[in-house]
**Student:** 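Please find one structure pasted underneath; my questions will follow.
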Amino acid sequence: MFSKILIANRGEIALRIIRACRELGIRTVAVYSQADRDSLPVRLADEAICIGQAASSNSYLNIPAIISAAEITDVEAIHPGYGFLAENPHFAEICESCKITFIGPTPENIRLMGDKTAARETMRKAGLPIIPGSASVIKNKEEALKTAKAIGYPVIIKAAAGGGGKGMRICHNDLTLVSSLMTAQTEAEANFGNPNVYIEKYIEEPRHIEVQIIGDRLGHILQLGERDCSIQRRHQKLLEESPSPVVGSKMRKRLGELVLKGMKSINYVSCGTIEFLLDEKTNNLYFMEMNTRIQVEHPVTEMVTGIDLIKEQIRVSAGERLKIKQEDVHIRGAAIECRINAEDPDNNFLPSPGKIEHLILPGGPNVRVDTHIYAGYEIPPYYDSLVAKLIVHGNNRQEAIKVMHRALSEFYISPIKTTIPFHLKLMENSLFLKGDISTHFVQDMFKEEAKGE
Ligand code: MV4
């Protein structure tokens, strides 16, 4: 096992990793930007090194500064958290060449899954259902038109180097397809440095279902059930839950078998998430893409499986064997996570950074709060707006919702605006209570409100 690791991240995930390390007896090094000097992970880590200015490109994305900090403090491994350098194959390679363990998948795993067309083709070969679409990258408008003719409109153009919703375009006919192709390629080049795009059939009101997996370096892989992440706004998830209210035991078993086949085919190691779209009209399930990192919503899976994913992730990176067997993984009850962002839900979710003067955190049975904030903390404006994750557990979905409602009503943050009032409304929404939601839910909820006013 490692004796000391560096955490190349900030905020709640940096703190989450420090906590896992403490329990494993591993010393920690926090790296931080000038804007995060007074942050909790900096205070709680065993050592802390400033790596640059507030802008991420000068600090949390600054590879030479991070590697220097790792060399100076003599760590054996780097945990990248999520975002920043977590899915940068080049960074994973540099760590390797400096004899520092990158706590994550191999650079090959990251690179393969980062190319969304290659990921699609690899998973198709492994037997996973993929969304009907182009076999590979679309080279010209003739190929685009041919693909659309074969699968039928509407279609969606996606960037091969994209993911997470950036640079997607929906097209309903030949005319818009041809004009969108050009702009999609230009945008892809500008955003990702790669103009490659591909085409899929557009699934109209899908549910976003994702499966958590973890693999060790000895070839063992576990699947830890699904999360339903359909409650999102502009590709930012707001609430995640496990199990999904629409996945039955038969579909769960099939999902599990599919992801294990897919992951074994690429010898995947570390934590990862396989994203699926579920078309509720046809009950068809499709592989969409894979995230080769620990995700924000990992606690939802921890709550229903009892597995500490960060500790396991560190253990497998140190070469240890997974302690749990697939037959010992059981999904117990239901868990929900609400993302508390410093944003104003009454003002188009406008970011609301600033100083937290008053803070009351919820507690009591079945409540977990993952946060780096404290009374007197000033939320810097330079990073994402996530300030806390409120995670609850119940014997079933209904009970978990009751616990969440109770915990949200205890939660008090002032004077900054947060998404707490949005989540409170959600816990009372009849469609949410029924589990009758798709990825359009939040948008529709605000449309309904506008009508009523
Ligand atoms: C789709 C889709 C419908 N059909 N692909 C959005 C995030 C990115 N990972 C892929 N996304 C989508 N891809 C096809 N063929 C709809 C979405 C989508 C979506 C997916 C998951 C969660 C929320 C979403 C919100 C809008 C669109």
Side-chain angles (χ1 to χ4, degrees), residues 83 87-90 110-126 128-210 229-230 232-237 262 266 273-282 284-292 438-440 442-444:
E87 291 177 279
N88 183 327
H90 176 63
I110 302 174
R111 193 166 278 125
L112 178 67
M113 291 296 129
D115 177 342
K116 304 301 168 186
T117 56
R120 217 170 110 82
E121 183 56 14
T122 308
M123 290 303 114
R124 187 190 66 77
K125 282 193 184 135
L128 276 71
I130 58 165
I131 305 169
S134 55
S136 181
V137 174
I138 293 285
K139 290 192 206 72
N140 49 48
K141 67 175 194 234
E142 287 73 27
E143 264 188 31
L145 290 165
K146 209 174 102 192
T147 306
K149 190 159 190 175
I151 61 178
Y153 286 103
V155 302
I156 184 166
I157 309 176
K158 297 182 175 181
K166 257 204 196 156
M168 305 188 324
R169 260 152 209 281
I170 301 157
C171 312
H172 294 273
N173 54 56
D174 286 356
L175 211 69
T176 51
L177 177 65
V178 171
S179 65
S180 296
L181 180 66
M182 282 279 290
T183 42
Q185 286 167 330
T186 311
E187 264 181 36
E189 172 72 57
N191 282 315
F192 312 110
N194 175 351
N196 289 347
V197 297
Y198 62 107
I199 291 176
E200 281 177 354
K201 173 90 183 164
Y202 179 62
I203 313 292
E204 245 144 321
E205 287 195 18
R207 283 185 87 116
H208 176 137
I209 309 282
E210 56 181 37
C229 307
S230 302
Q232 56 82 47
R233 183 185 170 271
R234 299 194 178 162
H235 307 299
Q236 291 297 318
K237 293 169 186 162
I266 58 168
T273 300
I274 333 294
E275 294 186 356
F276 292 86
L277 280 189
L278 172 62
D279 185 349
E280 281 198 279
K281 290 188 199 86
T282 59
N284 280 333
L285 199 61
Y286 304 103
F287 165 80
M288 189 165 56
E289 54 189 70
M290 174 174 192
N291 302 320
T292 56
S438 81
T439 48
H440 297 281
V442 179
Q443 198 184 318
D444 295 347

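Along the sequence shown, residues are numbered consecutively beginning with 1.
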**Student:** Measure the spacing between NZ of K201 and OG of S134 and express it to the nearest 0.5 Å.
**Tutor:**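 If we round to the nearest 0.5 Å, K201:NZ and S134:OG are 14.0 Å apart.
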
**Student:** Between CZ of R207 and CG of D279, what distance do you get to the nearest 0.5 Å?
**Tutor:**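 The CZ atom of R207 sits 12.5 Å away from the CG atom of D279.
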
**Student:** Can you sort out the partners of E204 under salt bridge (charged side-chain N to carboxylate O under 4.0 Å, His left out), two or more places apart, ordered by chain and number?
**Tutor:**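 Partners of E204 by the salt bridge (charged side-chain N to carboxylate O under 4.0 Å, His left out) criterion come out as none, since no residue qualifies.
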
**Student:** Kindly write out the residues that satisfy side chain to side chain contact (heavy atoms under 4.5 Å, CB included) with E189, not counting sequence neighbours, or none if the list is empty.
**Tutor:**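 Scan of E189 (side chain to side chain contact (heavy atoms under 4.5 Å, CB included), adjacent residues dropped) gives P195.
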
**Student:** Which heavy atom of M290 sits nearest a heavy atom of K116, and at what distance?
**Tutor:**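 Heavy atoms only, the tightest pair is O-NZ, 3.6 Å.
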
**Student:** Output all residues satisfying side-chain hydrogen bond (donor to acceptor under 3.5 Å, both in side chains) with D115, sequence neighbours left out; order by chain, then residue number.
**Tutor:**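 If we apply the side-chain hydrogen bond (donor to acceptor under 3.5 Å, both in side chains) test to D115, skipping adjacent residues, the hits are T117.
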
**Student:** Test of understanding: with side-chain hydrogen bond (donor to acceptor under 3.5 Å, both in side chains), list the residues that count as partners of T292, not counting sequence neighbours.
**Tutor:**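 For T292, the residues satisfying side-chain hydrogen bond (donor to acceptor under 3.5 Å, both in side chains) (neighbours in sequence not counted) are E87.
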
**Student:** Of the non-hydrogen atoms in E289 and N291, which two are nearest, and what is the gap between them?
**Tutor:**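 So the minimum-distance heavy-atom pair works out to OE2-OD1, 4.2 Å.
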
**Student:** Partners of K237 by salt bridge (charged side-chain N to carboxylate O under 4.0 Å, His left out), sequence neighbours excluded?
**Tutor:**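 Counting only residues at least two positions away or on another chain, K237 forms a salt bridge (charged side-chain N to carboxylate O under 4.0 Å, His left out) with E210, E297.
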
**Student:** Could you measure the distance from the OG1 atom of T186 to the CG atom of N191? Nearest 0.5 Å is fine.
**Tutor:**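 Those atoms lie 11.0 Å apart.
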
**Student:** Who are the side chain to side chain contact (heavy atoms under 4.5 Å, CB included) partners of R233, not counting sequence neighbours?
**Tutor:**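 Residues passing side chain to side chain contact (heavy atoms under 4.5 Å, CB included) with R233: L238, N348, F349, V442.
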
**Student:** With sequence neighbours excluded, tell me which residues meet side-chain hydrogen bond (donor to acceptor under 3.5 Å, both in side chains) with E121.
**Tutor:**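 With neighbours one apart ignored, the set is R124.
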
**Student:** State which residues pass side chain to side chain contact (heavy atoms under 4.5 Å, CB included) with N196; sequence neighbours excluded, sorted by chain then number.
**Tutor:**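 Result, side chain to side chain contact (heavy atoms under 4.5 Å, CB included) vs N196: V137, A160, N194.
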
**Student:** For residues 145-156, which residue pairs qualify under side-chain hydrogen bond (donor to acceptor under 3.5 Å, both in side chains), counting only residues two or more places apart or in two chains?
**Tutor:**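 Found Y153-D174.
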
**Student:** List the atom of G167, the atom of E187, and the distance in Å for their closest heavy-atom pair.
**Tutor:**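 For G167 versus E187, the nearest heavy atoms are CA-OE1, 3.8 Å.
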
**Student:** Using 0.5 Å steps for rounding, measure from the OH atom of Y202 to the CE atom of M168.
**Tutor:**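 With rounding to 0.5 Å, OH (Y202) is 7.0 Å from CE (M168).
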
**Student:** Got a sec, which residues hit side chain to side chain contact (heavy atoms under 4.5 Å, CB included) with A159, two or more places apart in sequence or on another chain?
**Tutor:**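 Partners of A159 by the side chain to side chain contact (heavy atoms under 4.5 Å, CB included) criterion, ordered by chain and then number, come out as A188, F192.
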
**Student:** Could you tell me the separation between the OG1 atom of T176 and the CG atom of L181, rounded to the nearest 0.5 Å?
**Tutor:**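 T176 atom OG1 to L181 atom CG measures 11.0 Å (nearest 0.5 Å).
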
**Student:** Partners of E200 by side-chain hydrogen bond (donor to acceptor under 3.5 Å, both in side chains), sequence neighbours excluded?
**Tutor:**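 side-chain hydrogen bond (donor to acceptor under 3.5 Å, both in side chains) check on E200 returns R120, K158.
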
**Student:** How far apart are the closest heavy atoms of N88 and I110, and which atoms are they?
**Tutor:**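 For N88 and I110, the tightest heavy-atom pair comes out as N-CG2, 4.2 Å.
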
**Student:** Side-chain contact test, heavy atoms from C-beta onward, threshold under 4.5 Å: evaluate it for I266 versus M113 and give yes or no.
**Tutor:**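 Result yes, sub-4.5 Å side-chain heavy-atom pair found.
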
**Student:** For the residue pair I138 and E143, what are the closest heavy atoms and their distance?
**Tutor:**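 Smallest interatomic distance, heavy atoms only, reads CA-OE1, 3.6 Å.
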
**Student:** Quick one: salt bridge (charged side-chain N to carboxylate O under 4.0 Å, His left out) partners of K141, sequence neighbours excluded?
**Tutor:**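 K141: no salt bridge (charged side-chain N to carboxylate O under 4.0 Å, His left out) contacts found.
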
**Student:** Does a side-chain heavy-atom distance below 4.5 Å link I131 with I156?
**Tutor:**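 They are not in side-chain contact.
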
**Student:** Above 12 or not: heavy atoms from other molecules or residues under 6.0 Å from NE2 of H90?
**Tutor:**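 Result for NE2/H90: open.
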
**Student:** Minimum heavy-atom separation for S230 to H208, with atom names?
**Tutor:**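 Where S230 meets H208 most closely, the heavy atoms are OG-N, 3.0 Å.
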
**Student:** Quick one: CD1 on I209 to OH on Y286, what's the gap to the nearest 0.5 Å?
**Tutor:**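 Reported value, rounded in 0.5 Å steps: 14.0 Å.
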
**Student:** If we only count heavy atoms from C-beta on, is the I203 to L278 side-chain gap below 4.5 Å?
**Tutor:**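 Side-chain contact under 4.5 Å: no.
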
